[in-house]
Amino acid sequence: MTLQAANRLTAAETQLIDAYTNQIGSLPGDGAVILKRDGLFDALKRQGLPTRRVETFHYTDLKALLRALPTEEPQAVAKAVNPLVSGATMLTVLQGVAQAPASLPEGLTVSLYRDALSNGDAAEGLTAFNADDTIGRLNGAFVRDGFALGVAEGAEIEAPIELQSVHAAGQLHLRFPASFGKGSKATVIERHIGQSGSAALASVVADLKLGEGAEITWVILQGEGDADTHLGQIRAELGTDAKFRLFIVNAGGKLVRQEVHVKTAGEGSDFMLRGVNLLGGDTHTDVTMTLGHDVPNTTSTEIIRNVVFDRARGVFQGMIRVAPDAQKTDARMACNTLLMSDDCEFSVKPELEIFADDVQCAHGATVADIVKSHLYYLMSRGIPEKKARALLINGFVAEIVEELENEPLVEALEEIITDWLEHHG
């Protein structure tokens, strides 16, 4: 992963070096933050963008895929759109700048991340997840804004909280640290929207800590533009008896890498991941997960559904590690894919590392086309082929979305999926 010679630098790597040199004087942060930024960027510069030789990026050669960074300035002003669910608390980021919220429900506190950078409160959180954490280093070096969320102990936030990031073009780097107190309950929608045909690069890191008995649902809805690059990462640490449900819907972007890193740090904690990847055109989307079962009596389930059209390429990597002390772990992972053309592809790499002897763990993957008899059944009853295919694909992914158990949110996501299938199917 080390750059062998200066002349091997890609255009993107050269642009990153120049951008950091030009921006360091204007990036928000006190001395401690600047030191953290320098350390993260120095490591990024030494290693360069990862290639297939880096195991965690084997199927997403970022050095080859990200050849140059977008440099075009936005020609239009990014505008917020209606919340996904009526009545949601809106926290909006326009072209990388967080907007101060007008009002907040009881039990929720929100601050602008740029303030935490300026006063040094963010210094401790600017860290890389591991030795190959390109996204964490890139984001930590360049991050300018975002929101810091806090949900008080025992608070139950009924309406969803929508973190809406809208951009027109260019580059933006955001962070969303969030802490959830003991016994708290909340639903957060992290929504990314591209509003122009010009290329954009977005890096986003969400760092979550769930207290004892907290029950949190986090939805990542990625709807970037056709020319955009989205590099996302969510990190979560679960306390005793905490329940964390993560839903990921990828329905846009030219190049997407969404990382999920979860640690079950408290007994009785439960993690559920559900993902829907809708891939078309000449896009590349990668969802990579690491899950550490570190203590006894924890559970997890992960189900990923993928629909791939045209020349699109997709990746799911899932690593579950069960520590020696993590007896009574119950962990199950499945990835199911529909390939809708001869030119598309999807790579799956489920992994289990088990160092305990009293566990129940399983993983599996399937890749298939639509069952011809099912398609024939619908067409024989007067349904056009394209509509019949859309119905079958909808059924394939709908059961994942329905697990949200929030009817307005389920309906909104189903509408997005239906619209995408009508456009690409």
Side-chain angles (χ1 to χ4, degrees), residues 79-93 105 108 149 151 156-166 176 185-195 206 215-225 230 232 234 243-253 256 258 260 272-280 285 287 301-309 334 336 338 340 370 374 378 383-384 386-425:
K79 297 180 180 179
V81 301
N82 292 332
L84 195 64
V85 176
S86 178
T89 298
M90 288 285 289
L91 302 176
T92 307
V93 181
L108 173 64
L149 280 64
V151 177
E156 297 187 18
I157 311 298
E158 294 186 3
I161 304 161
E162 181 168 323
L163 302 170
Q164 186 182 111
S165 174
V166 186
F176 299 124
K185 296 181 181 180
T187 296
V188 180
I189 302 168
E190 180 189 327
R191 188 179 180 190
H192 303 281
I193 303 169
Q195 288 186 333
E215 296 183 16
I216 303 303
T217 298
W218 192 283
V219 179
I220 299 175
L221 175 57
Q222 187 276 119
E224 302 277 11
H230 180 88
I234 184 167
K243 299 183 186 303
F244 181 43
R245 302 197 304 168
L246 175 62
F247 288 77
I248 298 174
V249 178
N250 283 312
V256 177
Q258 176 64 58
V260 178
M272 183 179 85
L273 170 64
R274 298 294 184 266
V276 175
N277 292 310
L278 305 174
L279 313 182
T285 297
V287 175
T301 60
E302 299 83 35
I303 301 176
I304 306 295
R305 296 282 170 88
N306 313 292
V307 182
V308 193
F309 288 90
N336 312 111
L338 286 179
M340 305 302 297
I370 286 178
H374 295 173
L378 294 175
I383 300 175
K386 185 175 181 179
K387 180 66 173 178
R389 283 181 177 273
L391 287 172
L392 292 172
I393 296 170
N394 257 315
F396 176 67
V397 298
E399 62 180 346
I400 299 298
V401 176
E402 288 170 358
E403 291 192 54
L404 275 165
E405 298 177 354
N406 180 318
E407 187 172 346
L409 183 53
V410 169
E411 290 177 354
L413 292 176
E414 286 180 340
E415 183 177 350
I416 288 172
I417 292 170
T418 299
D419 290 345
W420 190 95
L421 291 173
E422 287 180 356
H423 180 69
H424 291 84

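Basis for what follows: all heavy atoms, side chains included, without hydrogens, waters or symmetry-related copies.
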- Arg191 (side chain) donor-acceptor with Glu162 (main chain) under 3.5 angstrom: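 Checking the backbone N and O of Glu162 against the side chain of Arg191, no donor-acceptor pair under 3.5 Å is found.
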- Query: Does the Gln195 side chain pair with the main chain of Val166, one donor and one acceptor, at a distance under 3.5 Å?
  - Reply: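 Checking the backbone N and O of Val166 against the side chain of Gln195, no donor-acceptor pair under 3.5 Å is found.
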- Item | From CA spacing to verdict: side chain to side chain contact (heavy atoms under 4.5 Å, CB included), Asn336, Phe396 | CA-CA 9 Å; Asn336 312 111; Phe396 176 67; 3.9 Å; yes
- Chi angles and distances behind the side chain to side chain contact (heavy atoms under 4.5 Å, CB included) call for Arg245, Thr187: CA-CA 9 Å; Arg245 302 197 304 168; Thr187 296; over 6 Å; no
- So among Leu91, Asn82, Ile193, which one has a side chain to side chain contact (heavy atoms under 4.5 Å, CB included) with Gln164?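 Only one of Leu91, Asn82, Ile193 forms a side chain to side chain contact (heavy atoms under 4.5 Å, CB included) with Gln164, namely Ile193.
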- Among Leu338, Leu278, Leu421, Leu279, whose side chain to side chain contact (heavy atoms under 4.5 Å, CB included) with Phe309 holds?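 Going through Leu338, Leu278, Leu421, Leu279 one by one, the side chain to side chain contact (heavy atoms under 4.5 Å, CB included) with Phe309 is satisfied by Leu421 alone.
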Atom [atom1] of [X] and atom [atom2] of [Y]: how far apart are they, to the nearest 0.5 Å?
X      : Y      : atom1 : atom2 : answer
Leu391 : Arg389 : CG    : CZ    : 12.0 Å
Ile400 : Ile248 : CD1   : CD1   : 12.0 Å
Leu246 : Leu273 : CG    : CG    : 5.0 Å
His374 : Leu392 : NE2   : CG    : 7.5 Å
Met272 : Phe244 : CE    : CZ    : 10.0 Å
Thr418 : Asn394 : OG1   : CG    : 4.0 Å

Name every donor-acceptor pair, under 3.5 Å, that has one atom in a side chain of residues 401-408 and the other anywhere in the protein, sequence neighbours excluded.
residue, atom, partner, partner atom, Å
Glu403, OE1, Arg274, NE, 3.1
Glu403, OE1, Arg274, NH2, 3.2
Glu403, OE2, Arg274, NE, 3.0
Asn406, OD1, Leu409, N, 3.2

- Task: Report yes if the side chains of Leu84 and Leu413 come closer than 4.5 Å at any heavy-atom pair, otherwise no.
- Result: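 Side-chain contact under 4.5 Å: yes.
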- Compare all side-chain heavy atoms of Ile393 with those of Trp420 and state whether any distance is below 4.5 angstrom.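 Answer no - side chains too far apart.
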- Does any donor atom in the side chain of His230 or Gln222 lie under 3.5 Å from an acceptor atom in the other side chain?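 Per modelled atom types, His230 and Gln222 side chains form no pair under 3.5 Å.
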Nearest non-hydrogen partners of [X] and [Y], listed with the distance:
X      : Y      : value
Ala388 : Ile383 : N-CG2, 3.6 Å
Gly87  : Ala159 : O-CB, 3.4 Å
Ala206 : Glu190 : CB-OE1, 4.0 Å

